[in-house]
Amino acid sequence: MIKYLGSKRTLVPLLSSLAAASGAQTALDLFTGTTRVAQAFKRQGLTVSAVDLASYSEAFARTWISLDGAAANQAELTAALADLNSTVGEPGYFTKTFCEDARYFQPQNGAKVDAIRNRIESEYKNSWMYHPLLTSLILAADRVDSTTGLQMAFLKSWASRSFNQLEMRDPGLIAGEGFAYRGDALDLAATLPPTDLAYLDPPYNQHRYFANYHIWETLTRWDHPEVYGIANKRIDVRDPDTKSAFNSKREISASIEKLLTDVRAETLILSYNNESWLSKDDLIAMCEPRGHVAVIEVDFKRYVGAQIGIFNQAGKKVGEPKHQRNLEYVVLVGERKRVEKMVGASKT
Ligand SMILES: C[S@@+](CC[C@H](N)C(=O)[O-])C[C@H]1O[C@@H](n2cnc3c(N)ncnc32)[C@H](O)[C@@H]1O
(Lines give C-alpha, C1' and ligand atoms only; values in the text may rest on other atoms or scores of the structure.)
Protein backbone atom coordinates (compact mmCIF):
# COMPACT_ATOMS: atom_id res chain seq x y z
CA MET A 1 0.00 0.00 0.00
CA ILE A 2 1.22 3.56 -0.64
CA LYS A 3 2.27 5.88 2.17
CA TYR A 4 -0.85 8.01 2.67
CA LEU A 5 -1.75 10.83 5.02
CA GLY A 6 -4.73 9.81 7.13
CA SER A 7 -4.64 6.20 6.00
CA LYS A 8 -6.55 4.08 8.48
CA ARG A 9 -4.16 1.13 8.67
CA THR A 10 -4.23 0.98 12.45
CA LEU A 11 -8.00 1.42 12.62
CA VAL A 12 -8.82 -1.41 10.22
CA PRO A 13 -9.21 -4.16 12.87
CA LEU A 14 -11.59 -1.96 14.88
CA LEU A 15 -13.59 -0.93 11.79
CA SER A 16 -13.83 -4.55 10.69
CA SER A 17 -15.21 -5.65 14.03
CA LEU A 18 -17.67 -2.73 14.05
CA ALA A 19 -18.87 -3.69 10.57
CA ALA A 20 -19.30 -7.32 11.65
CA ALA A 21 -21.20 -6.33 14.81
CA SER A 22 -23.49 -4.05 12.77
CA GLY A 23 -24.62 -7.09 10.78
CA ALA A 24 -24.13 -5.15 7.53
CA GLN A 25 -23.99 -6.96 4.22
CA THR A 26 -23.42 -3.87 2.11
CA ALA A 27 -21.13 -0.94 2.84
CA LEU A 28 -20.05 2.36 1.37
CA ASP A 29 -16.55 3.78 1.90
CA LEU A 30 -17.09 7.38 0.86
CA PHE A 31 -13.51 8.74 1.12
CA THR A 32 -11.74 5.53 0.28
CA GLY A 33 -8.16 6.84 -0.39
CA THR A 34 -5.92 3.77 -0.38
CA THR A 35 -9.12 1.60 -0.24
CA ARG A 36 -7.74 -0.30 2.74
CA VAL A 37 -10.96 -0.02 4.74
CA ALA A 38 -13.08 -0.99 1.73
CA GLN A 39 -10.71 -3.91 1.13
CA ALA A 40 -11.12 -5.14 4.70
CA PHE A 41 -14.91 -4.95 4.42
CA LYS A 42 -14.84 -6.81 1.10
CA ARG A 43 -12.59 -9.51 2.57
CA GLN A 44 -15.12 -10.09 5.34
CA GLY A 45 -17.82 -10.72 2.74
CA LEU A 46 -19.55 -7.35 2.39
CA THR A 47 -20.48 -5.90 -0.98
CA VAL A 48 -18.61 -2.60 -0.95
CA SER A 49 -18.86 0.66 -2.89
CA ALA A 50 -15.76 2.84 -2.82
CA VAL A 51 -15.76 6.57 -3.63
CA ASP A 52 -13.00 9.17 -3.83
CA LEU A 53 -12.13 12.32 -5.78
CA ALA A 54 -8.64 11.15 -6.67
CA SER A 55 -7.82 9.36 -9.93
CA TYR A 56 -5.22 7.10 -8.28
CA SER A 57 -7.78 6.11 -5.67
CA GLU A 58 -10.17 5.16 -8.46
CA ALA A 59 -7.41 2.97 -9.95
CA PHE A 60 -7.04 1.27 -6.55
CA ALA A 61 -10.81 0.82 -6.21
CA ARG A 62 -11.05 -0.66 -9.72
CA THR A 63 -8.29 -3.09 -8.75
CA TRP A 64 -9.30 -4.17 -5.27
CA ILE A 65 -12.99 -3.36 -4.96
CA SER A 66 -14.94 -3.55 -8.23
CA LEU A 67 -12.90 -6.38 -9.73
CA ASP A 68 -13.86 -9.86 -8.59
CA GLY A 69 -10.52 -11.56 -7.92
CA ALA A 70 -12.17 -14.99 -8.12
CA ALA A 71 -13.18 -14.37 -11.72
CA ALA A 72 -9.88 -12.83 -12.84
CA ASN A 73 -7.33 -14.66 -14.95
CA GLN A 74 -4.45 -14.64 -12.45
CA ALA A 75 -2.00 -16.32 -14.85
CA GLU A 76 -2.58 -13.57 -17.41
CA LEU A 77 -1.88 -10.88 -14.79
CA THR A 78 1.27 -12.66 -13.58
CA ALA A 79 2.56 -12.89 -17.17
CA ALA A 80 1.79 -9.20 -17.85
CA LEU A 81 3.65 -8.15 -14.68
CA ALA A 82 6.70 -10.23 -15.60
CA ASP A 83 6.68 -8.81 -19.11
CA LEU A 84 6.35 -5.20 -17.90
CA ASN A 85 9.09 -5.68 -15.31
CA SER A 86 11.48 -6.63 -18.11
CA THR A 87 10.83 -3.32 -19.93
CA VAL A 88 13.99 -1.34 -20.67
CA GLY A 89 13.81 2.14 -19.13
CA GLU A 90 13.39 5.14 -21.41
CA PRO A 91 13.42 8.63 -19.90
CA GLY A 92 10.42 10.82 -20.72
CA TYR A 93 8.10 13.29 -18.99
CA PHE A 94 8.16 11.49 -15.62
CA THR A 95 11.97 11.30 -15.48
CA LYS A 96 12.44 14.91 -16.53
CA THR A 97 9.77 16.30 -14.19
CA PHE A 98 10.15 14.17 -11.07
CA CYS A 99 13.75 12.87 -11.23
CA GLU A 100 15.79 15.62 -12.94
CA ASP A 101 13.96 18.92 -12.36
CA ALA A 102 12.91 17.55 -8.94
CA ARG A 103 14.36 14.60 -7.02
CA TYR A 104 11.46 12.40 -5.99
CA PHE A 105 12.89 9.26 -7.64
CA GLN A 106 16.26 8.21 -8.99
CA PRO A 107 16.44 8.75 -12.77
CA GLN A 108 16.96 5.03 -13.56
CA ASN A 109 13.68 4.25 -11.79
CA GLY A 110 11.98 7.24 -13.44
CA ALA A 111 13.00 5.91 -16.87
CA LYS A 112 11.42 2.55 -15.98
CA VAL A 113 8.22 4.30 -14.86
CA ASP A 114 8.08 6.24 -18.15
CA ALA A 115 8.58 3.16 -20.30
CA ILE A 116 6.21 0.91 -18.33
CA ARG A 117 3.48 3.56 -18.05
CA ASN A 118 3.62 4.13 -21.84
CA ARG A 119 3.25 0.38 -22.40
CA ILE A 120 0.29 0.13 -20.00
CA GLU A 121 -1.42 2.89 -21.98
CA SER A 122 -0.68 1.48 -25.42
CA GLU A 123 -1.04 -2.25 -24.72
CA TYR A 124 -3.55 -2.57 -21.87
CA LYS A 125 -5.90 0.40 -22.16
CA ASN A 126 -8.86 -1.84 -23.02
CA SER A 127 -7.82 -4.78 -20.89
CA TRP A 128 -9.33 -5.82 -17.53
CA MET A 129 -5.73 -5.60 -16.27
CA TYR A 130 -5.39 -1.84 -16.90
CA HIS A 131 -6.17 -0.73 -13.33
CA PRO A 132 -4.35 -3.62 -11.59
CA LEU A 133 -1.23 -2.82 -13.64
CA LEU A 134 -1.52 0.90 -12.90
CA THR A 135 -1.97 0.14 -9.20
CA SER A 136 1.05 -2.14 -9.26
CA LEU A 137 3.14 0.60 -10.92
CA ILE A 138 2.08 3.25 -8.37
CA LEU A 139 2.93 0.91 -5.49
CA ALA A 140 6.27 0.06 -7.11
CA ALA A 141 7.13 3.76 -7.48
CA ASP A 142 6.05 4.47 -3.90
CA ARG A 143 8.50 1.82 -2.62
CA VAL A 144 11.46 3.63 -4.25
CA ASP A 145 10.51 7.28 -3.64
CA SER A 146 12.57 9.83 -1.76
CA THR A 147 9.95 11.67 0.31
CA THR A 148 8.53 11.55 3.82
CA GLY A 149 5.27 10.35 2.29
CA LEU A 150 3.94 13.65 0.97
CA GLN A 151 4.72 15.01 -2.49
CA MET A 152 5.01 18.62 -1.36
CA ALA A 153 8.76 18.15 -1.08
CA PHE A 154 11.48 15.59 -1.66
CA LEU A 155 14.33 14.73 0.68
CA LYS A 156 17.57 16.67 0.44
CA SER A 157 19.62 13.47 0.35
CA TRP A 158 18.32 10.38 -1.42
CA ALA A 159 16.29 8.05 0.80
CA SER A 160 18.02 4.68 1.00
CA ARG A 161 14.98 2.92 -0.53
CA SER A 162 15.30 5.10 -3.66
CA PHE A 163 18.47 3.14 -4.62
CA ASN A 164 16.42 -0.05 -4.97
CA GLN A 165 15.31 -1.12 -8.40
CA LEU A 166 11.67 -0.44 -9.25
CA GLU A 167 9.75 -3.70 -9.33
CA MET A 168 6.06 -4.24 -10.02
CA ARG A 169 4.40 -6.87 -7.83
CA ASP A 170 1.10 -8.66 -7.87
CA PRO A 171 -1.43 -6.34 -6.18
CA GLY A 172 -3.34 -9.35 -4.80
CA LEU A 173 -6.88 -9.19 -6.14
CA ILE A 174 -9.79 -9.79 -3.77
CA ALA A 175 -12.70 -12.13 -4.43
CA GLY A 176 -16.19 -10.68 -4.17
CA GLU A 177 -18.50 -8.01 -5.47
CA GLY A 178 -17.94 -4.26 -5.30
CA PHE A 179 -18.28 -0.92 -7.02
CA ALA A 180 -15.87 1.95 -7.68
CA TYR A 181 -16.81 5.58 -8.23
CA ARG A 182 -14.72 8.67 -8.76
CA GLY A 183 -16.38 11.90 -7.77
CA ASP A 184 -17.27 14.36 -5.07
CA ALA A 185 -18.86 12.68 -2.07
CA LEU A 186 -21.12 15.71 -1.71
CA ASP A 187 -22.57 15.09 -5.18
CA LEU A 188 -22.68 11.31 -4.97
CA ALA A 189 -23.93 10.62 -1.44
CA ALA A 190 -27.61 11.14 -2.24
CA THR A 191 -27.53 9.25 -5.52
CA LEU A 192 -25.68 6.04 -4.65
CA PRO A 193 -27.72 2.93 -3.91
CA PRO A 194 -28.60 2.59 -0.20
CA THR A 195 -26.28 0.46 1.94
CA ASP A 196 -26.47 -1.05 5.41
CA LEU A 197 -23.33 0.72 6.57
CA ALA A 198 -21.42 3.83 5.45
CA TYR A 199 -17.90 4.72 6.53
CA LEU A 200 -17.02 8.41 6.25
CA ASP A 201 -13.39 9.43 6.51
CA PRO A 202 -13.19 12.96 5.08
CA PRO A 203 -10.12 15.20 5.15
CA TYR A 204 -10.16 17.17 8.38
CA ASN A 205 -7.93 20.18 7.72
CA GLN A 206 -6.41 22.32 4.95
CA HIS A 207 -4.06 19.61 3.64
CA ARG A 208 -5.23 18.79 0.14
CA TYR A 209 -4.80 15.31 -1.22
CA PHE A 210 -4.74 16.58 -4.81
CA ALA A 211 -1.62 18.62 -3.98
CA ASN A 212 -0.04 16.14 -1.58
CA TYR A 213 -0.26 13.26 -4.08
CA HIS A 214 0.05 15.16 -7.38
CA ILE A 215 2.56 12.64 -8.76
CA TRP A 216 0.14 9.71 -8.35
CA GLU A 217 -2.57 11.84 -9.97
CA THR A 218 -0.30 12.55 -12.95
CA LEU A 219 0.94 8.97 -13.20
CA THR A 220 -2.65 7.74 -13.29
CA ARG A 221 -4.00 10.33 -15.73
CA TRP A 222 -0.79 10.30 -17.80
CA ASP A 223 -1.67 13.74 -19.08
CA HIS A 224 1.80 15.34 -18.85
CA PRO A 225 0.62 18.60 -17.26
CA GLU A 226 2.58 21.80 -16.95
CA VAL A 227 4.06 22.02 -13.44
CA TYR A 228 5.10 24.82 -11.07
CA GLY A 229 7.23 25.51 -7.99
CA ILE A 230 10.04 23.51 -6.42
CA ALA A 231 7.68 20.59 -5.82
CA ASN A 232 6.72 20.53 -9.53
CA LYS A 233 3.03 20.29 -8.77
CA ARG A 234 0.45 20.03 -11.53
CA ILE A 235 -0.67 23.46 -12.69
CA ASP A 236 -4.31 22.56 -11.97
CA VAL A 237 -3.49 22.23 -8.25
CA ARG A 238 -4.18 26.00 -8.39
CA ASP A 239 -7.66 25.55 -9.91
CA PRO A 240 -10.65 26.06 -7.63
CA ASP A 241 -12.16 22.98 -9.33
CA THR A 242 -9.57 20.71 -7.74
CA LYS A 243 -10.32 21.94 -4.21
CA SER A 244 -12.40 19.93 -1.77
CA ALA A 245 -14.95 21.59 0.52
CA PHE A 246 -13.55 19.41 3.33
CA ASN A 247 -10.27 21.33 3.15
CA SER A 248 -12.01 24.63 3.83
CA LYS A 249 -12.54 25.78 7.40
CA ARG A 250 -15.49 27.88 6.22
CA GLU A 251 -17.22 25.02 4.39
CA ILE A 252 -16.46 21.99 6.51
CA SER A 253 -19.40 22.13 8.93
CA ALA A 254 -22.01 22.57 6.23
CA SER A 255 -20.34 19.84 4.15
CA ILE A 256 -20.39 17.28 6.96
CA GLU A 257 -23.98 18.21 7.76
CA LYS A 258 -24.95 17.75 4.12
CA LEU A 259 -23.27 14.33 4.04
CA LEU A 260 -25.02 13.29 7.22
CA THR A 261 -28.34 14.24 5.65
CA ASP A 262 -27.69 12.75 2.22
CA VAL A 263 -25.93 9.43 2.85
CA ARG A 264 -28.39 6.59 2.38
CA ALA A 265 -27.22 4.08 4.98
CA GLU A 266 -28.78 2.66 8.12
CA THR A 267 -25.64 2.93 10.21
CA LEU A 268 -22.80 5.40 9.89
CA ILE A 269 -19.23 5.24 11.09
CA LEU A 270 -17.46 8.58 10.91
CA SER A 271 -13.72 8.98 11.53
CA TYR A 272 -12.53 12.29 12.83
CA ASN A 273 -9.48 13.63 14.52
CA ASN A 274 -8.63 15.80 17.51
CA GLU A 275 -6.44 17.98 15.28
CA SER A 276 -9.36 18.98 13.10
CA TRP A 277 -11.40 22.16 12.92
CA LEU A 278 -14.46 20.53 14.46
CA SER A 279 -14.61 19.50 18.09
CA LYS A 280 -15.99 16.21 19.32
CA ASP A 281 -19.05 18.05 20.68
CA ASP A 282 -19.68 19.73 17.31
CA LEU A 283 -19.61 16.34 15.68
CA ILE A 284 -21.95 14.72 18.17
CA ALA A 285 -24.43 17.59 17.76
CA MET A 286 -24.31 17.20 13.99
CA CYS A 287 -24.87 13.44 14.15
CA GLU A 288 -27.69 13.39 16.70
CA PRO A 289 -30.55 14.12 14.28
CA ARG A 290 -29.68 10.83 12.50
CA GLY A 291 -29.96 8.52 15.47
CA HIS A 292 -28.23 7.27 18.55
CA VAL A 293 -24.61 8.46 18.72
CA ALA A 294 -21.63 6.79 20.41
CA VAL A 295 -17.99 7.86 20.19
CA ILE A 296 -15.01 5.53 20.47
CA GLU A 297 -11.73 7.34 21.08
CA VAL A 298 -8.60 5.78 19.66
CA ASP A 299 -5.15 7.04 20.53
CA PHE A 300 -2.73 6.25 17.77
CA LYS A 301 0.65 7.29 16.47
CA ARG A 302 0.79 10.34 14.29
CA TYR A 303 1.59 10.16 10.63
CA VAL A 304 5.27 9.34 10.09
CA GLY A 305 6.04 12.64 8.29
CA ALA A 306 4.96 14.57 11.35
CA GLN A 307 7.14 12.40 13.56
CA ILE A 308 10.19 13.02 11.46
CA GLY A 309 9.73 16.80 11.53
CA ILE A 310 8.36 19.73 9.60
CA PHE A 311 9.91 20.37 6.20
CA ASN A 312 9.84 23.33 3.85
CA GLN A 313 9.27 23.01 0.10
CA ALA A 314 12.93 22.28 -0.52
CA GLY A 315 12.80 19.36 1.89
CA LYS A 316 14.76 21.27 4.55
CA LYS A 317 13.78 20.58 8.14
CA VAL A 318 12.31 23.77 9.56
CA GLY A 319 10.64 22.58 12.74
CA GLU A 320 9.96 19.83 15.18
CA PRO A 321 6.56 18.19 15.50
CA LYS A 322 4.57 19.61 18.41
CA HIS A 323 3.28 16.34 19.76
CA GLN A 324 3.52 12.75 18.73
CA ARG A 325 0.10 11.37 19.41
CA ASN A 326 -3.35 12.15 18.25
CA LEU A 327 -6.81 10.93 18.98
CA GLU A 328 -9.08 9.49 16.37
CA TYR A 329 -12.79 9.73 17.09
CA VAL A 330 -14.81 6.90 15.66
CA VAL A 331 -18.38 8.12 15.77
CA LEU A 332 -21.18 5.57 15.43
CA VAL A 333 -24.65 6.73 14.42
CA GLY A 334 -27.77 4.65 13.97
CA GLU A 335 -30.38 2.58 15.67
CA ARG A 336 -29.65 2.44 19.43
CA LYS A 337 -29.48 -1.35 19.87
CA ARG A 338 -27.22 -1.78 16.89
CA VAL A 339 -24.90 1.04 17.97
CA GLU A 340 -24.67 -0.44 21.47
CA LYS A 341 -23.81 -3.83 20.02
CA MET A 342 -21.05 -2.23 17.95
CA VAL A 343 -19.66 -0.42 21.02
CA GLY A 344 -19.70 -3.75 22.87
CA ALA A 345 -17.77 -5.40 20.03
CA SER A 346 -15.16 -2.63 20.10
CA LYS A 347 -14.27 -3.54 23.69
CA THR A 348 -13.45 -7.17 23.00
C1 LIG B 1 -8.47 10.80 5.27
S2 LIG B 1 -8.32 10.33 3.58
C3 LIG B 1 -9.09 8.77 3.54
C4 LIG B 1 -8.13 7.67 3.90
C5 LIG B 1 -8.71 6.28 3.72
N6 LIG B 1 -9.76 5.98 4.67
C7 LIG B 1 -7.59 5.26 3.84
O8 LIG B 1 -7.53 4.53 4.85
O9 LIG B 1 -6.76 5.23 2.94
C10 LIG B 1 -9.49 11.36 2.79
C11 LIG B 1 -9.76 11.04 1.32
O12 LIG B 1 -10.83 11.88 0.89
C13 LIG B 1 -10.64 12.19 -0.48
N14 LIG B 1 -11.49 13.39 -0.74
C15 LIG B 1 -11.26 14.68 -0.41
N16 LIG B 1 -12.34 15.43 -0.70
C17 LIG B 1 -13.27 14.60 -1.22
C18 LIG B 1 -14.58 14.78 -1.72
N19 LIG B 1 -15.16 15.98 -1.72
N20 LIG B 1 -15.26 13.71 -2.20
C21 LIG B 1 -14.67 12.47 -2.21
N22 LIG B 1 -13.42 12.24 -1.75
C23 LIG B 1 -12.73 13.28 -1.27
C24 LIG B 1 -9.15 12.40 -0.61
O25 LIG B 1 -8.73 12.21 -1.95
C26 LIG B 1 -8.61 11.33 0.35
O27 LIG B 1 -8.32 10.13 -0.33
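As a basis for the values below, the full set of heavy atoms in this structure was taken, side chains included, without hydrogen atoms, waters or symmetry mates. In each ligand, atom 1 is the first atom listed, and ligand 1 is the first ligand listed.
- Between F163 and W158, the ring-plane angle classifies as perpendicular under the 30° and 60° cut-offs.
- Partner of E328 under the side-chain contact (heavy atoms from CB on, under 4.5 Å) criterion, out of T10, N273, L14: N273 alone.
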Atom pairs and distances, side-chain donor-acceptor, residues 339-348, under 3.5 Å, sequence neighbours left out:
| unit_1 | atom_1 | unit_2 | atom_2 | d |
| --- | --- | --- | --- | --- |
| E340 | OE2 | R336 | NH1 | 3.4 |
| S346 | OG | V343 | O | 2.6 |
| T348 | OG1 | A345 | O | 2.9 |

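- Within a 6.0 Å sphere centred on CD of E121, heavy atoms belonging to other residues, nucleotides or ligands number more than 12.
- Each ring pair (Phe, Tyr, Trp, His ring centres under 6.0 Å) pair with one or both residues in residues 61-80, not counting sequence neighbours, appears once here: F60-W64.
- Remark: S255 pairs with L186, A245, F246, E251 by the side chain to side chain contact (heavy atoms under 4.5 Å, CB included) rule, at least two apart or across chains.
- A heavy-atom cutoff of 4.0 Å around ligand 1 is satisfied by the protein residues Y4, G6, S7, K8, F31, T32, G33, T34, R36, D52, L53, G183, D184, A185, D201, P203, Y209, S244, F246.
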